[in-house]
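Numbers here simply count residues along the sequence, with the first being 1.
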Amino acid sequence: MSGPDGETAVDLDRFCRTLTGLYDDWGQPACRPRSAEFARVLNTVRGMTTPCIGQLLNHAAGCLQAGEVYAEVGCFQGATLVCALVGQP
């Protein structure tokens with residue numbers, strides 16, 4: 001996928017197609033990530049997020065195209081940044 005200026009953009013099709021498979025009880029109030037990794041991160045790194053948001057950010061970061069970067073403008077203690085980067089190259 002490319003933006004209006006021809007630059008590459010996150011693989012939005014892959015992101016949407018595979019997102020629901022990363023969660024148990026998708027679409028329900030009790031929805032939770034299948035991976036326990038994000039709960040472990042939040043037990044170690046103080047933050048103002050949830051394991052569900054950690055999984056979402058991680059998946060988005062994993063769908064970036066070559067040459068793209070994940071960046072956060074300000075982060076409390078780094079929990080969302082750590083979650084986004086878990087298992088990324």
Practice problem: Using a 4.5 Å cut-off on heavy atoms from C-beta on, say whether the side chain of Y23 contacts that of L56. | Solution: yes
Quiz item: Taking atom CZ of R46 as the centre, does the number of heavy atoms from other residues, nucleotides or ligands within less than 6.0 Å exceed 12?
Solution: no
Quiz prompt | Residue pair D25 / R32: nearest heavy atoms and the distance that separates them | solution = OD2-NH1, 2.6 Å
Exercise. Please report the shortest heavy-atom distance between H59 and R14, naming the atom on each side.
Key: NE2-O, 4.1 Å
Quiz item: Which atom names give the shortest non-hydrogen contact between L19 and W26, and what distance separates them?
Solution: CD2-CH2, 3.6 Å
Quiz item: When clusters are formed from ILVMFWY side-chain contacts under 4.5 Å, directly or step by step, what else is grouped with V45?
Solution: F38, V41, V82, V86
Quiz item: What are the two closest non-hydrogen atoms of C83 and G54, and how far apart are they?
Solution: CB-CA, 3.6 Å
Quiz prompt | Reported OG1-to-CG distance for the pair T80 and N58, which is rounded to 0.5 angstrom | solution = 12.0 Å
Exercise. Compare every heavy atom of P33 with every heavy atom of P51, then report the nearest pair and how far apart it is.
Key: O-CG, 3.5 Å
Quiz prompt | Spacing of CZ belonging to R40 relative to OG belonging to S35, to within rounding of 0.5 Å | solution = 6.0 Å
Quiz item: Between CD of E37 and CD of Q55, what distance do you get to the nearest 0.5 Å?
Solution: 10.0 Å
Self-check item: Distance-minimising heavy-atom pair for E68 and V10
Solution: OE2-N, 3.1 Å
Practice problem: State the OG1-CG distance between T49 and L42, to the nearest 0.5 angstrom. | Solution: 6.5 Å
Quiz item: With no hydrogens and no angle check, do the side chains of E72 and Y70 hold a donor and an acceptor under 3.5 Å apart?
Solution: yes
Quiz item: Same cluster for L12 and L22 if Ile/Leu/Val/Met/Phe/Trp/Tyr side chains link at under 4.5 Å?
Solution: yes
